[in-house]
Amino acid sequence: MATNTLCTAQAVLLVLFAFSTAANAAPRNKNPNSLSPVERLGKELFFDKISDPGRMSCSTCHEPKVGWTVPVPGINQRGAVFPGSVPQRSGGRKAPTVAYVSFAPPLAVTATTRRGGNFWDGRATGERLGDPTADQALGPFVNHVEQNNPDKLEVCQHVAAAKYAGLFAEVWQGPIDCSTPEAVELSYDRVALSIAAFEGSPEVNAFTSKFDAVLRNEAQLTPQEARGLELFNTRGQCSGCHRSTPDAVAFPGTPPLFTTFGFANIGAPKNPQNPFYGMDDVLLDDGMPINPLGDRWVDLGLGGFLATRTDGLAAFAGVNQGRHKFPTVRNVDKRPNTVFPKAYGHNGYFKSLKSIVHFYNTRDVKPRCPDEFTTERDALSQGCWPAPEVSANLLAPNANPDVPDIGNLGLSDEEEDDIVAFMRTLSDGYTAR
């Protein structure tokens, strides 16, 4: 066993050496005081409670200490969806990380491919402002199940009265203008572009994990972590979506981003504790229920968004039903302490890295739970998995009989643990002991 471990570790180090040149050019996390003016403005906006009522900022759902995701243990343990500024209102998806999303290209969809954009369903396409990250920042302020501002004018006036209004004027070469509808549109776009600048800064995209330290020859993986990396790249089939080598063409000089910005339907079950199922009797100001379908609602992901298009993209809605964006797995285990719970998947069904790795390994091996509304905890105790929320376009067995299949990877319990151990090396803020 010791010999096998050593050989595995040596093989992994060879893999790391193959792309260490690009990693050595990686940006280091800078002191926040060294952020550019537009990045500092974006940070002010990101942490300001621009909502109605004024209880919610971007950081409410995207907290740095937990990998720029949801920081409330009780929410992660159950429905995983953060309530809006009006706490009785809720959307249907877990807040994804905003770290490393600034690398996403504009959404591109064909009959056989789909890549880019932001949000779980890709609806922040980059068409409006040329940047999916900026397009994403346009949404939550005026979304009535999120920050609930009545309109863009309200946001503009809030910023005009904020302590950082002078910084806005410095960055955009003049004070924020809320005097006409056209001026409000321009000012609102500049708010979004500023937030995108912050989300693209080294404060958010730090590249300071143990994995990055290994690439700089400043740390070493443990034997278990090294085995996990090898499995991540081979039998675990993780790297197909979460690329562990640099993309030297698209992002020269940048370390691995651990995503290819694509979309897939992994077959995740419904989260029975998703609060969105109860939004059929919660009304918006216009008298309409937030979710008229109640527990009959199905999250169609990218396909659902494409179905709303009035151009040629609508033709690709069917082949994209159930597909959600696969995020980076950088910071996937970042948490303030070892007992802090996190949730995984677009709806937060999975409550641990071990659980979601086990799902990828055994989705098609275990029997179906009788009830599609079976919690993760009950599914694990019963030795079953519920049916996929969307059965179409399932990430399915591959055509190569010599390669293990997603859903039936044949990994041992120990090998699942090895993959988890490796993913834990991807949390930013690592310091060598």
Side-chain angles (χ1 to χ4, degrees), residues 62 67-70 80 92-110 112-126 132-133 136 205 211 231-233 236-247 250-251 255-269 271 299-306 316 319-334 342-350 352-353 355-361 363 388-390 392-396 398 405-407 409 419-420 422-423 426:
H62 304 283
W68 304 90
T69 56
V70 175
R93 297 179 183 136
K94 181 182 78 71
T97 182
V98 298
Y100 303 97
V101 299
S102 60
F103 292 94
L107 181 69
V109 179
T110 70
T112 57
T113 62
R114 66 283 308 165
R115 182 172 183 264
N118 269 320
F119 287 123
W120 285 106
D121 60 5
R123 70 186 185 277
T125 62
T133 309
Q136 185 278 327
N205 310 315
F211 178 80
L231 288 165
F232 188 95
N233 288 329
Q237 297 195 42
C238 311
S239 61
C241 297
H242 304 285
R243 180 172 173 167
S244 62
T245 56
D247 186 340
F251 309 108
L257 295 171
F258 286 91
T259 180
T260 56
F261 305 104
F263 295 78
N265 178 10
I266 67 170
N271 182 352
D299 190 344
L300 297 177
L302 176 62
F305 162 62
L306 294 178
F316 305 125
V319 296
N320 286 293
Q321 287 186 1
R323 299 186 194 270
H324 289 85
K325 188 144 182 231
F326 35 82
T328 179
V329 290
R330 282 183 171 273
N331 290 318
V332 71
D333 192 58
K334 188 170 178 62
K342 296 190 72 171
Y344 301 100
H346 69 278
N347 61 7
Y349 179 84
F350 303 99
S352 70
L353 281 178
S355 171
I356 195 168
V357 170
H358 185 59
F359 178 78
Y360 273 101
N361 186 27
R363 183 196 69 195
E389 179 175 20
V390 178
N393 310 310
L394 199 64
L395 190 61
N398 58 73
D405 290 329
I406 294 291
L409 295 174
I419 292 174
V420 170
F422 166 67
M423 287 196 289
L426 300 177

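Being a predicted model, the structure only gives us computed values, none of them experimental.
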D299: partners by salt bridge (Lys or Arg N to Asp or Glu O under 4.0 Å), with sequence neighbours left out: R93
L257 side chain near R243 side chain, heavy-atom distance below 4.5 Å: no
According to salt bridge (Lys or Arg N to Asp or Glu O under 4.0 Å), who are the partners of R323, at least two apart in sequence or on a separate chain? none
Can you tell me how far CG of D333 sits from NZ of K342, rounded to the nearest 0.5 angstrom? 6.5 Å
Mutual orientation of the aromatic rings belonging to H324 and W120 [parallel < 30°, tilted 30-60°, perpendicular > 60°]: perpendicular
Could you tell me which non-hydrogen atom of L394 sits nearest to which non-hydrogen atom of V390, and how far apart they are? CD1-O, 4.2 Å
Check against side chain to side chain donor-acceptor pair (under 3.5 Å), S102 and N205: CA-CA 9 Å; S102 60; N205 310 315; 3.2 Å; yes
Are the side chains of R114 and V319 in touch, meaning some heavy atoms are under 4.5 Å apart? yes
Hey, are the side chains of P256 and F251 touching, using non-hydrogen atoms and a 4.5 Å cut-off? no
Test ring-ring contact (aromatic ring centres under 6.0 Å, His included) applied to F119 - qualifying residues, sequence neighbours left out: none
Counting C-beta onward and ignoring hydrogens, is there a side-chain heavy-atom pair between F232 and V329 closer than 4.5 Å? yes
For the residue pair Y349 and I356, establish whether any side-chain heavy-atom pair is separated by less than 4.5 Å. no
Would you say that V357 contacts M423 through its side chain, given a criterion of any heavy-atom pair below 4.5 Å between the two side chains? yes
Within 45 degrees of the axis of the six-membered ring of Y100 and under 6.0 Å from its centre: does R330 put its NZ or CZ there? yes
How are the rings of F422 and F211 set relative to one another: parallel (under 30°), tilted (30 to 60°) or perpendicular (over 60°)? perpendicular
Answer yes or no: is there a side-chain heavy-atom contact under 4.5 Å between N265 and E389? no
State, yes or no, whether a side-chain contact exists between T125 and F305 at a heavy-atom distance under 4.5 Å. yes
